[in-house]
Amino acid sequence: MKLTLIKPNIGRRERSLYVDEGRMEPLQLGILAALTPPDIDVVMYDDRMERIPYDEPTDLVAITVETFTARRAYEIREEFAMRGVPVVMGGMHATLIPDEVAAHCDCVITGDAEPVWETMLDDFGHGCLKKRYDAPQPLCPQKGVIPRRDLFTGKGYLPITLLQFSRGCSHHCSFCASSAYFGARHICRPVADVVREIRQQKRKLLFFVDDNIVCSHEKAKELFRALIPLKVRWVSQGSMDMLGDTELMELMVKSGCLGLVIGFESISPSCIATMNKHTNKKGASHLYQEEIRRLRQWGLQTWAAFTVGHDGDTKESIRATCDFAIRNKFTFAAFNILMPYPNTPLYETMKHEGRLLYDGTWWLHEDYRFNYASFIPKTMTVQELTEVSFECRRRFNSLRSIVTRALEPHTNLRTPYRFMTYLLYNPLFRKEVFKKQGMRFGLQSEGDKSCYREK
């Protein structure tokens with residue numbers, strides 16, 4: 001039996017697929033490959049940088065589906081369906097909106113696949129594949145499983161190893177798809193499993209893809225203590241409340257943390273309140289002055305993530321957010337238009353208020369484009385929100401801004417290694433900002449149904 005794993009692309013620039021030059025390993029596919037019995041032959045194709053060989057013989061295809069890649073995932077399934085190959089789909093989008101995904105595949109898996117993956121494969125091998133498998137959330141994710149990283153060889157991924165200590169986050173931010181997926185629960189792997197995984201791969205630069213690696217301070221401390229003797233460097237995502245725990249921060253820095261993606265979201269206290277971001281309330285009321293001071297004290301290079309388009313936002317306040325990010329010399333920053341992901345509280349509120357555009361399914365609509373507003377804002381037009389968001393991305397990633405921000409002595413200039421990281425990745429992210437803006441989802445268009453097929 002042969003199993004084909006596929007990571008879909010977002011879409012296309014004009015008539016060709018977008019090539020993601022900042023692509024990272026599809027960790028979830030490496031985990032699924034590791035869960036697959038050894039008598040099954042496994043291959044993997046990454047639609048972000050290589051053609052999918054639809055005519056290559058295979059028995060079963062499994063596609064991981066995110067909201068941004070749903071349209072493309074369904075196109076890929078059409079190709080395999082024409083060849084009589086069954087397709088299984090899973091991932092966050094499949095859990096958020098399973099009925100939609102089920103209509104585009106032979107089998108859908110909801111939740112984390114570990115508890116049902118082997119059962120699904122066994123059912124398929126015996127000719128009794130079910131239409132749907134609902135996986136209970138495991139109490140211990142990825143227990144005893146080391147991802148098959150041999151599948152990533154030669155794919156041109158960034159030289160950083162992806163792995164995971166925890167899944168989910170206990171906070172209830174109204175716009176967060178992860179919170180809806182995990183039910184605001186946070187679960188951790190055994191630290192010994194994480195250490196074993198690190199030792200079994202060669203790199204010293206790691207990216208923990210956790211939603212919030214410091215959600216549990218005590219469990220995070222246990223991990224950081226175990227990382228110290230490994231002498232690795234790592235990045236992840238964290239929340240503001242970590243800064244109030246001195247022991248946690250000391251261990252974090254000693255364990256090799258270079259920096260974190262932190263959801264600042266907004267510099268407006270009223271916007272923070274409406275999005276239910278409790279960890280940011282105190283900081284936003286003082287423009288995060290104390291939080292930024294502490295981040296510099298610990299030498300952490302920060303990727304500041306902002307969401308724009310909240311009901312309290314105006315064009316002027318969004319521009320002020322960009323000024324704030326440049327003034328504070330963040331290593332990286334993202335200015336993401338608020339996205340109503342399906343089955344989140346934000347989506348349900350906007351649906352109730354009649355503010356959703358693109359028939360409420362922006363991720364499938366032919367007219368939607370990447371980084372466009374998908375709802376009606378309160379204080380500006382849809383086009384104005386789209387334009388001011390891109391203006392912030394353009395300004396923050398301008399050459400002048402890159403040079404100015406490089407000169408932060410406590411973070412970007414703290415060590416030669418950190419400075420080189422800054423110089424290597426800022427131009428890459430600048431390039432991606434311009435490449436992705438306005439990109440179509442999927443490859444085919446309504447008037448050209450066959451443009452993505454192999455000739």
Side-chain angles (χ1 to χ4, degrees), residues 4-13 17-18 20 23 26-29 32 44-49 52 54 61-82 85-113 131-135 175-182 336-344 346-348 350-351 356-375 436 438-446 448-449 451-453:
T4 299
L5 304 175
I6 294 179
K7 170 74 172 177
N9 207 323
I10 294 175
R12 64 187 171 100
R13 300 176 66 220
L17 270 177
Y18 156 71
D20 184 357
R23 60 187 174 272
L27 176 63
Q28 65 274 57
L29 297 186
L32 292 181
M44 186 201 82
Y45 296 105
D46 193 329
D47 192 43
R48 295 174 296 174
M49 42 70 67
I52 299 171
Y54 295 109
V61 171
I63 304 176
T64 179
V65 188
E66 300 164 284
T67 305
F68 282 99
T69 63
R71 183 179 170 92
R72 177 61 180 153
Y74 302 158
E75 291 175 356
I76 294 170
R77 190 266 177 164
E78 287 180 17
E79 287 293 329
F80 284 108
M82 287 191 296
V85 180
V87 172
V88 175
M89 290 187 179
M92 185 170 290
H93 191 69
T95 301
L96 293 176
I97 190 165
D99 291 342
E100 176 196 288
V101 177
H104 293 276
C105 63
D106 301 278
C107 168
V108 63
I109 295 177
T110 67
D112 292 346
K131 183 65 177 175
R132 177 167 167 170
Y133 294 83
D134 295 312
F175 58 86
C176 182
S178 177
S179 179
Y181 178 93
F182 287 104
N336 301 313
I337 293 178
L338 190 63
M339 296 305 299
Y341 289 99
N343 283 330
T344 59
L346 174 68
Y347 185 93
E348 296 304 320
M350 290 194 169
K351 180 180 179 180
L356 294 174
L357 300 174
Y358 302 103
D359 302 324
T361 55
W362 51 268
W363 55 91
L364 295 181
H365 204 282
E366 170 67 16
D367 295 331
Y368 183 75
R369 301 291 182 270
F370 190 79
N371 284 333
Y372 279 26
S374 61
F375 65 94
K436 294 171 75 172
M439 189 172 66
R440 291 175 179 269
F441 282 5
L443 180 54
Q444 71 179 9
S445 66
E446 291 301 318
D448 187 4
K449 291 288 188 180
C451 66
Y452 64 96
R453 297 176 186 167

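As the structure is a prediction and not an experimental result, all values here were calculated from the model.
Residues satisfying the ring-ring contact (aromatic ring centres under 6.0 Å, His included) test with F370, not counting sequence neighbours, are F68. Scanning for salt bridge (Lys or Arg N to Asp or Glu O under 4.0 Å) contacts around D359 gives an empty result, with sequence neighbours left out. With sequence neighbours left out, F182 forms a ring-ring contact (aromatic ring centres under 6.0 Å, His included) with no residue at all. Scored by the side-chain hydrogen bond (donor to acceptor under 3.5 Å, both in side chains) test, R369 finds no partners at all (sequence neighbours excluded). For the salt bridge (Lys or Arg N to Asp or Glu O under 4.0 Å) test, no residue two or more places apart in sequence or in another chain qualifies with D367. Residues satisfying the side-chain hydrogen bond (donor to acceptor under 3.5 Å, both in side chains) criterion with T69, sequence neighbours excluded, are absent altogether.
Here the shortest heavy-atom pairing between V101 and A94 reads CG2-CA, 3.7 Å. M49 and R23 make their closest contact through CG-NE, 3.0 Å (heavy atoms, listed as atom of the first residue, atom of the second, distance). The heavy-atom pair separating A70 from E100 by the smallest distance is CB-OE2, 4.5 Å. What you find for I76 and P8 is that their closest heavy atoms are CD1-CB, 4.1 Å. For the pair R48 and P26, the tightest heavy-atom approach, listed with the atom from each and the gap, is NH2-CD, 4.0 Å. Counting all heavy atoms, side chain and backbone alike, A180 lies closest to T344 at CB-CG2, 4.1 Å.
At least one donor-acceptor pair closer than 3.5 Å links the side chain of E75 to the backbone N or O of L443. Side-chain atoms of Y347 come within 3.5 Å of backbone N or O of G360 as a donor-acceptor pair. The closest donor-acceptor contact from the side chain of N9 to the backbone of Y18 lies under 3.5 Å. For the pair W362 (side chain) and P340 (backbone), a donor-acceptor distance under 3.5 Å is present. At least one donor-acceptor pair under 3.5 Å links the side chain of T95 to the backbone N or O of G111. In this structure, R132 contributes its side chain and V108 its backbone to no donor-acceptor pair below 3.5 Å. The backbone N or O of C176 sits nowhere less than 3.5 Å from a side-chain atom of S179 that would complete a donor-acceptor pair.
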Stepwise salt bridge (charged side-chain N to carboxylate O under 4.0 Å, His left out) test for D47 and R72: CA-CA 9 Å; D47 192 43; R72 177 61 180 153; 2.7 Å; yes
Test log, rule side-chain contact (heavy atoms from CB on, under 4.5 Å), inputs F441 and I10: CA-CA 6 Å; F441 282 5; I10 294 175; 3.7 Å; yes
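Taking the side chain as every heavy atom from C-beta outward, R77 and D106 approach each other to under 4.5 Å.
Here the straight-line distance linking atom CG of L346 with atom CG of L338 works out to 4.5 Å at 0.5 Å rounding. Atom CG of L27 and atom CG of L32 lie 9.5 Å apart (nearest 0.5 Å). I97 contributes atom CD1, which lies 14.0 Å from atom CE of M92 (distance to the nearest 0.5 angstrom). Distance check, rounded to the nearest 0.5 Å: CG of N343 to CG of L96 gives 6.5 Å. Atom CD of E66 sits about 9.0 Å away from atom OH of Y341, to the nearest 0.5 Å. In this structure, the separation between CZ on R71 and OH on Y368 is 13.0 Å, given to the nearest 0.5 Å.
Annotation: F80 is in aromatic contact with Y54 [ring centroid separation under 6.0 Å].
Using a 30° and 60° split on the angle between ring planes, H104 and Y74 fall in the parallel class, below 30°.
In this structure, D20 does not pair ionically with K436, as no charged nitrogen and carboxylate oxygen lie closer than 4.0 Å.
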